[in-house]
Number of protein chains: 2
Amino acid sequence: MVLREKSLFSTRAEYGVRLMMLLARQYGDGPLPLARVAEIEELPLSYLEQLAAPLRRDGLIRSQRGAQGGYELARAPEFITMGEVVRSLEGPIMPMMCAPEDEAHATCVRGEFCSAQVLWSRIRDAVTGVLDTTKLSDLASPLAGRDTPGERTPLLTINSRLEAAR
Amino acid sequence: MVLREKSLFSTRAEYGVRLMMLLARQYGDGPLPLARVAEIEELPLSYLEQLAAPLRRDGLIRSQRGAQGGYELARAPEFITMGEVVRSLEGPIMPMMCAPEDEAHATCVRGEFCSAQVLWSRIRDAVTGVLDTTKLSDLASPLAGRDTPGERTPLLTINSRLEAAR
DNA sequence: ACCAATTCCGACCTCCTCAGTCGGATATAG
DNA sequence: CTATATCCGACTGAGGAGGTCGGAATTGGT
């Protein structure tokens, strides 16, 4: 779809996070169908379906099947960390084979001689640190992180802004 | 070669860092040929040659061609950051297309609406933070990062330890 | 002068993952 | 009943990761 150089995470995390943020804004207003998400975020519906599956299995979102159905957050946005979201979509965070999250079974063949491992572990910890301390509620407002406190922004607002943009 | 799940960086960074650490231990004792490195680290020589090229172009290592030649660090280990090494091998650090190191040309099509961007930027900063504050000298000793101050360990020691290991 | 050891360079190749697509089955509100 | 959803599994095309290979250029040792 887009031209894509190498990047630390894949589109699964990217799209999945965008999906979750949309659900966060919608939280409390009933389920949102993926077709709407696909439309708003301009993402392929069939791909989104693939991303919703693990999120649901991991208890981050709830589904309502059938007409008027869709997905909604299983918990309030302030109780969902980005770490849960990203791990659900991408699996455990490891910057390198020899530095898995589960330090127990590092697959580093070279064992004690691999002192580079220290570096990769530090990086992994830095990444998971951000991921685990950032909650969905920290990002869900379009103004969040932009040095403005930012009140809640309903979907309606976002839609009209998208209209205006094209 | 090895089975390889998804990981934040590729083998280029992994092998390249190991190469640099070996050169760091050898620093001041003349050039080390890649054939030796390949032997010690059990890595394919022809692939190492590929990794040495950018490191040399970026002025991190110096080469000496011909017999008795090899590579050596262009500067002392305490003046080379892991950020320089990794960037030389892998290019700019971006966890996601919409959060490049050069914040100027973010290729995020959705512009201001992409509030997820905040997350990816934070992660990028966390990673580059570690990378840019860790120097080659911080890792070069096999004891470094293992809560022991760690004196300099010559190659000879490492070799004999490798012998013993198999 | 020669040879062996090196770096240097570019082309090539193979497999696996990413980023989807597709077809259909199942559930449910109106 | 039907339109709208989720759900599930199989399939696929392109591209990058992770190398390999052949040869040219450079240099120290004898």
Side-chain angles (χ1 to χ4, degrees), chain A residues 1-19 23 26 30-39 41-58 60-72 74 89-91 94-97, chain B residues 1-19 23 26 30-39 41-58 60-72 74 89-91 94-97:
Chain A
M1 179 187 180
V2 218
L3 102 160
R4 169 157 293 277
E5 300 177 47
K6 92 186 111 252
S7 58
L8 291 185
F9 296 116
S10 67
T11 52
R12 289 179 65 87
E14 183 183 346
Y15 299 173
V17 164
R18 277 159 64 182
L19 163 63
L23 294 185
Q26 173 78 0
L32 189 66
L34 287 189
R36 288 285 293 121
V37 177
E39 191 187 340
E41 295 287 334
E42 298 173 276
L43 297 175
L45 169 60
S46 44
Y47 194 38
L48 278 176
E49 288 178 346
Q50 263 190 43
L51 305 185
L55 291 170
R56 186 180 59 83
R57 273 193 288 273
D58 292 337
L60 297 174
I61 59 180
R62 259 195 307 262
S63 65
Q64 168 72 35
R65 299 177 70 159
Q68 262 65 288
Y71 289 94
E72 60 190 338
L89 294 160
E90 301 251 9
M94 49 178 159
M96 203 52 72
M97 291 305 288
Chain B
M1 178 187 180
V2 218
L3 101 161
R4 168 156 294 276
E5 300 175 47
K6 95 188 103 242
S7 57
L8 291 184
F9 296 115
S10 68
T11 52
R12 289 178 66 86
E14 183 185 345
Y15 299 173
V17 165
R18 277 159 65 183
L19 163 63
L23 294 185
Q26 173 78 1
L32 187 66
L34 287 188
R36 290 284 293 120
V37 177
E39 191 187 340
E41 295 288 334
E42 297 173 275
L43 297 175
L45 168 61
S46 42
Y47 194 37
L48 277 175
E49 288 178 347
Q50 263 189 44
L51 304 185
L55 291 170
R56 185 179 61 83
R57 273 193 287 273
D58 291 337
L60 297 175
I61 59 180
R62 258 196 307 262
S63 65
Q64 168 72 33
R65 297 177 72 160
Q68 264 63 291
Y71 290 94
E72 59 190 336
L89 293 160
E90 302 252 10
M94 49 178 157
M96 202 53 73
M97 291 305 288

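Throughout, protein chains are lettered first and strands after them, A, B, ... in sequence-line order, and every chain is numbered starting at 1.
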Query raised in the report: Does dG18(D) have OP1 or OP2 sitting under 4.0 Å from an N or O in the side chain of Ser10(B)?
Result: yes
Query raised in the report: In whole angstroms, how far is the C1' atom of dT6(D) from the CG atom of Leu55(A)?
Result: 14 Å
Report task. Round to a whole Å and report the spacing from CD of Glu42(A) to P of dA19(C). Result -> 18 Å
**Report entry** Residue pair Met96(A) / Ala13(B): nearest heavy atoms and the distance that separates them
**Finding:** CE-CB, 4.5 Å
Query raised in the report: When the distance from CD of Glu90(B) to C1' of dA17(D) is rounded to whole Å, what number comes out?
Result: 10 Å
Report task. Rounded off to whole Å, could you give me the CZ-to-P distance for the Phe9(A) and dC18(C) pair? Result -> 13 Å
Query raised in the report: Roughly, in whole Å, what's the span from CG in Leu48(A) to C1' in dA19(C)?
Result: 12 Å
Query raised in the report: When Tyr71(B) is tested against each of Leu32(B), Leu19(B), Leu48(B), Leu34(B) for side chain to side chain contact (heavy atoms under 4.5 Å, CB included), which residue passes?
Result: Leu34(B)
Query raised in the report: Looking only at heavy atoms, what is the nearest atom pair of Pro31(B) and Gly70(B), with distance?
Result: CB-C, 3.7 Å
Report task. Could you tell me whether Arg12(A) and Glu90(A) have a side-chain N and a carboxylate O separated by less than 4.0 Å? Result -> no
Query raised in the report: Counting N and O atoms only, with roles assigned by atom type, does the side chain of Arg62(B) sit under 3.5 Å from a partner on the main chain of Arg56(B), one being a donor and the other an acceptor?
Result: no
Query raised in the report: Tell me: OH of Tyr47(A) to P of dT6(D), nearest whole Å?
Result: 17 Å
Report summary line: Reading nucleotides 3-14 of chain C from 5' to 3' and marking B where a protein heavy atom lies under 4.0 Å of the base, S where only the sugar-phosphate is that close, and - otherwise, the string is --BBBBB-B---
Query raised in the report: To the nearest angstrom, how far is Leu89(B) atom CG from dA17(D) atom C1'?
Result: 14 Å
Report summary line: From the candidates dG19(D), dA17(D), dG20(C), the one with an atom nearest any side-chain atom of Thr11(A) is dG20(C)
Requested in this report: Kindly say if Tyr15(B) contacts the phosphate of dG18(D), meaning a side-chain N or O under 4.0 Å from OP1 or OP2.
Outcome: no
Query - Shortest non-hydrogen separation from Pro54(A) to Leu89(A) and the atoms involved - result: CG-CD2, 4.5 Å
Report summary line: note: Leu43(B), atom CG; dT20(D), atom P; distance rounded to Å ~ 10 Å
Requested in this report: With side-chain contact (heavy atoms from CB on, under 4.5 Å) as the test, would you mind laying out the steps for Glu72(A) and Leu23(A) before giving the verdict?
Outcome: CA-CA 6 Å; Glu72(A) 60 190 338; Leu23(A) 294 185; 5.7 Å; no
